[in-house]
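Structure, as structure tokens:
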Amino acid sequence: MKNAKMHLSTETMNLGFVKKVEALSGSSVRRCFQCGKCSAGCPMRSFMEHPPNRIVRLLQLGQWERVLAGRSIWYCASCETCSTRCPNKVDLAAIMDALRKLSWDAAGPSKESYVQLANRLFMENIRTYGRQYEMRLAAVFNMKSGQFLKDLMLGPKLITKGKLKMFHAKNQNVGEIERIFSRIEEMRKKGEAP
Amino acid sequence: MSPNRKFALSYSYYPGCSLHASAKEYDVSTKGVFNALRIGLKEVPDWFCCGATPAHNVDELLSLALCAKNLSLAGKVEGDLAVACAACFSRLKTTQHRLKENDIKRKQVETAIDGPVPLGKKVKHLLEILAKDFGLDKLEGAVQKPLTGLKIACYYGCLLTRPPEVPELDDCEAPTIMENVIKAVGGEPVAWSHRLECCGANFTLSRPGVILKLSNEILASAKDAGADCIMVACPLCHGNLDIRQEEIEQATGRRYGMPVFYITQLVGLACGVSPLRLGLESMIVSPAALLREKNLL
Ligand code: SF4
Ligand code: SF4
């Protein structure tokens, strides 16, 4: 693919995907003129195989599969530097959210599984308990990712400092939270929400 | 009569999940400072998680709906909504900003929470309350023990200033609000390069390697600028710079020994709040030696 000759046309551009991203993110993809300012300020650049400006370019050229298959979108820290600095008001941080959602919904062809696992557990915690309990989150994450010894030294330190709660009260709003989740699922089933 | 009436300024309060666990000293010191300055604070009953970064990362509608519901819970408590965590603050304000601009999303969210979204409830970060509502002059007047000689690297991180139309707090590339607060309480803000860089935030669970790199650069930059300590206004920044500092030192071989304070701890110290009500003992990198050296303890 790297050396393939590229022909630009509305077909190869795959405008459909671009429009989907634009609708989800509320930001233009097409307005980008590749100045590179986003990537110059991106703190996560060194962890990404495609820097932010190239992600936009790949989208413009219809090569979204390469974007979704990579790990770059999962390594974006949502720091908002790119969106703040873009001279064309391309909201790249929102575009990253949209791309992750599309990848997530498609059960993700992406290589980056740890970030996705952490995200999933975080959301499950909200649905079940209403709030985040860091100790539970870390313990389940380590178990599910098979990294049993990860951050082993942090635990006792945090417990001595009273920073990890062992017990927690149930939030009075868990019922309402569950209804929010299920109403959204319902809306999606009916095609009323993205 | 609400318990807050006796104060000239009073707020509803959304602490966020971290402040009830790993960042409890931020919660304790916020209450300590507000009490000392006679600012009322009433916690929103049964608030729940705003969804933070993970929710908006993969599901914007869910993220907006969780925040909208919290805003409507907050609507039942009088006063503007005081938020301590920079991430919660950003999510709650982003929700109002997006839903004001986008009727389609607003209708979806209203269906999801089965009610209206209180777009008018003012959401304010503590920094804004101290510097603007209470005011720098009055803050200066409340100082009992100025932080003389304490060199402080004020660290904003990402979400207190970016993207500028959301927090509406200060200039997005050259803010001064933290430094102004520190000057008002007699401390010495240092000039340094990494005030607005990202600490790695959310990757602390999934990819700690990211934290080791980004937070190390922040610690190194503060140290090189001659700072004695760092001041933050976000529990995620604090976790990465304080809780993971020893690990960063081991990985890089450079010793920082850099206490990381919450803004409310330093302001509280200057305004005569007892150290016991500031949660100083919960900090992983102990500030005791530094504070003793500067005659602040
Ligand atoms: S800063 Fe904006 S215009 Fe420049 S490359 Fe990035 S997205 Fe494109
Ligand atoms: S929001 Fe993501 S892509 Fe943009 S600068 Fe920050 S880490 Fe990079």
Side-chain angles (χ1 to χ4, degrees), chain A residues 24 26 43-44 46-47 75 77-81 83-84 91 93-94 96-98 100-101 104 114-120 122-123 125-126 130-135 137-138 141 145 150-151 153-154 157-158 161-165 171-174 176-177 179-181 183-184 187 192-194, chain B residues 17-18 20-24 45-49 51-62 65-66 69 73 90 98 101-102 105 108 111-114 157-159 161-164 166 172-173 196-198 200-203 205-208 210 213-214 243-244 246-247 281-284:
Chain A
L24 266 177
M44 298 300 288
S46 63
F47 296 96
Y75 269 89
S78 304
C79 75
E80 301 279 350
T81 307
S83 302
T84 298
D91 188 349
M96 290 291 196
D97 277 352
R100 279 184 293 252
K101 178 169 193 309
W104 183 267
Y114 284 172
V115 178
Q116 298 192 35
L117 173 64
N119 278 351
R120 203 180 65 234
F122 194 95
M123 312 276 271
N125 260 5
I126 301 180
R131 291 185 190 165
Q132 293 306 324
Y133 297 100
E134 291 142 325
M135 176 120 117
L137 196 61
F141 178 85
S145 63
K150 179 175 156 282
D151 292 337
M153 297 316 292
L154 284 181
K157 219 188 306 190
L158 297 180
K161 296 278 180 186
K163 281 177 171 266
L164 287 182
K165 267 200 191 158
N171 192 295
Q172 292 303 310
N173 284 316
V174 277
E176 186 49 37
I177 298 167
R179 281 191 286 281
I180 293 176
F181 275 86
R183 280 190 211 108
I184 291 178
M187 285 158 76
E192 288 166 2
Chain B
C17 303
S18 302
H20 276 214
S22 65
K24 65 179 182 116
D46 279 299
W47 56 269
F48 51 88
C49 178
T53 312
H56 80 77
N57 260 347
V58 293
D59 194 338
E60 191 205 21
L61 177 57
L62 178 66
L66 292 171
K69 185 69 199 177
L73 293 176
S90 172
R98 293 247 165 101
E101 283 193 333
N102 190 322
K105 285 184 185 172
Q108 288 165 350
T111 310
I113 67 168
D114 194 22
C158 303
L159 300 176
T161 60
R162 286 191 296 263
V166 170
C172 64
E173 300 285 2
L196 300 166
E197 294 297 319
C198 177
N202 184 40
F203 291 101
L205 183 62
S206 53
R207 291 283 176 196
V210 169
K213 176 174 185 286
L214 299 189
I243 299 176
R244 290 204 180 270
E246 195 186 327
E247 198 182 335
E281 75 290 348
S282 298
M283 295 162 65
I284 303 285

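It should be emphasised that the depicted structure is a prediction, and the values quoted were computed from it without experimental measurement.
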Output the option from [options] having the highest count of non-hydrogen pairs under 4.5 Å with chain A.
options	answer
B:G157, B:C198, B:C172	B:C198
B:N102, B:V166, B:D114	B:D114
B:L159, B:L73, B:V210, B:T53	B:V210
B:T111, B:N202, B:L66	B:T111
B:R244, B:E197, B:E247	B:R244

Any idea which of [options] has the most non-hydrogen atom pairs under 4.5 angstrom with chain B?
options	value
A:A118, A:G130, A:A193, A:G26	A:G130
A:E192, A:R179, A:E176	A:E176
A:M96, A:M123, A:R131	A:R131

- Qualifying residue, where the test is side chain to side chain contact (heavy atoms under 4.5 Å, CB included) with A:E80 and the options are B:S90, B:C158, B:P163: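 Only one option passes, and that is B:P163.
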
- Per the side chain to side chain contact (heavy atoms under 4.5 Å, CB included) rule, which among B:N57, B:L62, B:D59 passes with A:K101?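 Exactly one pass, corresponding to B:D59.
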
Side chain, backbone, both or neither of [X] within contact of chain A (heavy atoms, under 4.5 Å):
X	result
B:A112	both
B:I243	both
B:L205	both

- Message: Looking at every non-hydrogen atom in both residues, tell me the closest pair between B:G51 and A:F122 and how far apart they are.
- Response: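 Between these two residues, the closest heavy atoms are O-CE2, 3.5 Å.
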
- Item | For the student: nearest non-hydrogen atoms of B:L214 and A:P43, plus distance |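 Looking at all heavy atoms of both residues, the shortest contact is CD2-O, 3.6 Å.
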
- Item | chain B contact via A:N125 - which portion, at a heavy-atom distance below 4.5 Å |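 A:N125 has no heavy atom closer than 4.5 Å to chain B.
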
- Heavy-atom proximity to chain B below 4.5 Å, by part of A:I180: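 Both parts, backbone and side chain.
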
Mind checking the [atom1]-[atom2] spacing from [X] to [Y]? Nearest 0.5 Å is all I need.
X	Y	atom1	atom2	result
A:F47	B:K213	CZ	NZ	5.5 Å
B:R162	A:S83	CZ	OG	10.0 Å
A:T81	B:E173	OG1	CD	8.0 Å
A:I177	B:C49	CD1	SG	8.5 Å

- So do the side chains of A:L24 and B:E60 get within less than 4.5 Å of each other, counting heavy atoms only?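 The answer is no; the side chains never approach within 4.5 Å.
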
- Task: With sequence neighbours excluded, tell me which residues meet side chain to side chain contact (heavy atoms under 4.5 Å, CB included) with A:S145.
- Result: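 A:S145: side chain to side chain contact (heavy atoms under 4.5 Å, CB included) contacts with A:Y114, A:L117, A:F141, A:Q147.
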
- Task: Verify, without hydrogens or angle tests, whether B:D46 (side chain) and A:N173 (backbone) share a donor-acceptor contact under 3.5 angstrom.
- Result: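 No; zero donor-acceptor contacts below 3.5 Å.
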
- Message: Going by the rule salt bridge (Lys or Arg N to Asp or Glu O under 4.0 Å), which residues pair with A:R100 if we only count those two or more places apart in sequence or in a different chain?
- Response: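 Partners of A:R100 by the salt bridge (Lys or Arg N to Asp or Glu O under 4.0 Å) criterion, ordered by chain and then number, come out as A:D97.
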
